[in-house]
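The structure appears right after this line, and notes come after that.
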Amino acid sequence: MRKEFLPFSRPTIGQEEINEVVDSLKSGWITTGPKVQKFENDFSRFVKSPYAISVNSATSGLHLAYLASGIKPGDEVITTPLTFISTISMLLALGAKPILVDIDLKTLNIDSEKIEKKISKKTKAIVPVHFAGLPCDLDKIHSLAKKFRLKVIEDAAHAVGSKFKGKMIGSLSDCTVFSFHPIKNMTTGEGGMITTSHKDWAEAMTLLRFHGMSKTAWKRYSKSGSPHYDIQNLGYKYNMMDIQASLGIHQLKKLSQFNKTRGAYAKKYHQAFSAFPEIILPQQPSYPHTHSWHLYVILLNTKKINLTRDEFIQKLSEQNIGAGIHFKAVHLHTFYKKFFSRQIKELPNADFASRHILSLPLYPEMKEEDLEDVIAAVSNTIKKYSKKAAI
Ligand SMILES: Cc1ncc(COP(=O)(O)O)c(C=O)c1O
């Protein structure tokens with residue numbers, strides 16, 4: 001058994017990132033400035049979207065995207081229950097009504113075939129979440145959006161570098177929001193990015209992310225700037241700092257290598273576990289796509305194993321292997337239950353997933369030996385507690 005605990009996730013930070021942060025610290029310009037602008041330009045080129053607006057988290061990015069799309073109190077917005085709370089909480093913050101559509105148990109993404117039934121006169125938008133980095137069925141979602149005149153805002157917190165039919169996630173819908181939280185495929189410490197092809201949305205979000213102010217601080221305090229400013233809207237304090245962008249500039253350059261390693265590790269897990277009926281492995285849809293492999297999520301088949309999901313995680317922990325749960329469905333959380341009491345019966349797959357999923361360690365900082373340790377711990381636990389073993 002390995003001696004040290006292998007955490008579920010860990011960022012990969014190189015000397016380039018460290019040097020760039022130190023450069024910012026020494027430069028006298030720490031907050032939003034030239035490095036944020038460079039990072040936005042680099043990101044916009046990377047995803048092939050005309051506008052990229054950096055923010056201090058994907059949560060604030062979702063808030064701004066929902067505001068820019070014109071979502072108002074009472075509007076209905078269709079999304080998945082198997083997501084992090086921000087996808088939903090930012091809708092509730094605007095007084096909108098999230099409508100949850102059950103997931104497809106094979107991909108853990110929203111079941112796009114079930115969306116149309118949930119569209120009403122009040123529906124304003126669809127928010128697909130590319131779970132674990134696997135692109136949702138965007139053809140189906142865009143055709144529904146066109147038919148019913150809905151906006152599409154992608155929650156791509158997991159999907160930086162993913163592609164749908166050869167096109168970058170971030171270039172395909174009205175708006176797309178990415179996260180750079182430390183467990184994500186690339187990090188800025190905390191941070192996020194919104195991409196859009198709508199000039200007016202980009203302008204609105206740029207204004208809203210900094211108090212509704214007409215000029216950025218960078219422009220106010222630079223030699224060519226003017227110290228005057230005007231507040232034009234009720235805004236927020238959601239801007240990214242140059243210190244964060246210093247990380248992002250270099251993380252973005254390394255992203256394709258990071259994602260390649262994640263993909264290679266996911267393949268090894270797949271090969272190692274495919275013979276075990278005690279676990280259900282992530283499955284791929286038939287449309288062409290590139291998966292960013294943010295997470296490797298398995299479902300425990302409790303008909304075949306004498307352990308609950310939480311006991312299974314405990315057994316891994318006893319072997320010094322960390323694991324995560326992504327996610328307990330939103331409607332099962334204490335505060336959120338009341339909003340979804342009428343919808344709860346229609347979400348059997350999300351309920352099942354909430355009780356059976358676990359995420360295994362998957363990140364480029366892991367060594368091959370770490371991967372072998374995870375494979376050994378999972379395989380040993382399955383063999384020891386399999387119902388087959390008990391017969
Ligand atoms: C699907 C999803 N959406 C949104 C977020 C929010 O991201 P952030 O922590 O950058 O606000 C997360 C974070 O884990 C997420 O998993």
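Counting starts at 1 for both ligands and their atoms, in listed order.
- Residue contacts with ligand 1: H158 is placed with a nitrogen or oxygen under 3.5 Å of a nitrogen or oxygen of the ligand (distance criterion only).
- Remark: the S173 side chain and the H142 side chain contain an N/O donor-acceptor pair separated by less than 3.5 Å.
- The pair D351-R355 fails the salt-bridge criterion, with no side-chain N (NZ, NE, NH1 or NH2) lying under 4.0 Å from an Asp/Glu carboxylate O.
- In summary, the atoms of ligand 1 found under 4.0 Å from a heavy atom of G191, numbered by their order in the structure, are 10 (O).
- In this structure, S386 and E278 approach most closely via the heavy-atom pair OG-OE2, 2.6 Å.
- Where the criterion is an N or O separation shorter than 3.5 Å, residue side chain and backbone included, S179 meets it with respect to ligand 1.
- At a 3.5 angstrom cut-off on N or O pairs, D155 counts as close to ligand 1.
- The closest approach between F131 and ligand 1 stays at or above 4.0 Å for every heavy atom of the residue.
- Considering both main-chain and side-chain atoms, A58 comes within under 3.5 Å of ligand 1 through a nitrogen or oxygen pair.
- Contacts with ligand 1 closer than 4.0 Å are made by no heavy atom of F178, backbone or side chain.
- Nearest-residue assignment for atom 9 (O) of ligand 1 (options H326, H181, M193, H294; heavy-atom criterion): H181.
- Taking 4.5 Å as the limit, some side-chain heavy atom of L108 sits within range of a side-chain heavy atom of L105.
- A donor-acceptor pair shorter than 3.5 Å can be found between the side chains of N259 and N185.
- Scanning all protein heavy atoms for the shortest distance to atom 15 (C) of ligand 1 gives F84 CB, 3.4 Å.
- Note: an N/O pair closer than 3.5 Å links K184 and ligand 1 by distance alone.
- Under the 6.0 Å distance and 45° angle rule, K35 does not count as a cation-pi partner of F39.
- Heavy-atom proximity to F327, at under 4.0 Å, picks out these atoms of ligand 1: 16 (O).
- The protein atom (non-hydrogen) at minimum distance from atom 2 (C) of ligand 1 is A157 CB, 3.4 Å.
- In the model, E40 has a side-chain atom that pairs as donor or acceptor with a side-chain atom of S54 under 3.5 Å.
- For ligand 1, the atoms sitting less than 4.0 Å from at least one non-hydrogen atom of T83 are 1 (C), numbered in the order shown with element in parentheses.
- Atom numbering of ligand 1 starts at 1 in the shown order; those under 4.0 Å from a heavy atom of V129 are 1 (C).
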With ring-ring contact (aromatic ring centres under 6.0 Å, His included) as the test, would you mind laying out the steps for Y265 and Y296 before giving the verdict? CA-CA 9 Å; Y265 285 178; Y296 191 87; over 10 Å; no

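- Ligand 1 lies out of reach of S60, whose nearest heavy atom is not under 4.0 Å from it.
- Taking 4.5 Å as the limit, some side-chain heavy atom of L138 sits within range of a side-chain heavy atom of H130.
- When heavy-atom distances to ligand 1 are checked against a 4.0 Å cut-off, T59 comes that close through both its backbone and its side chain.
- Side-chain contact between I169 and F164 is present, with at least one heavy-atom pair separated by less than 4.5 Å.
- Counting heavy atoms from C-beta outward, F352 and I357 have side chains that stay 4.5 Å or more apart.
- Taking a 4.0 Å cut-off on heavy atoms, S86 registers as neighbouring ligand 1.
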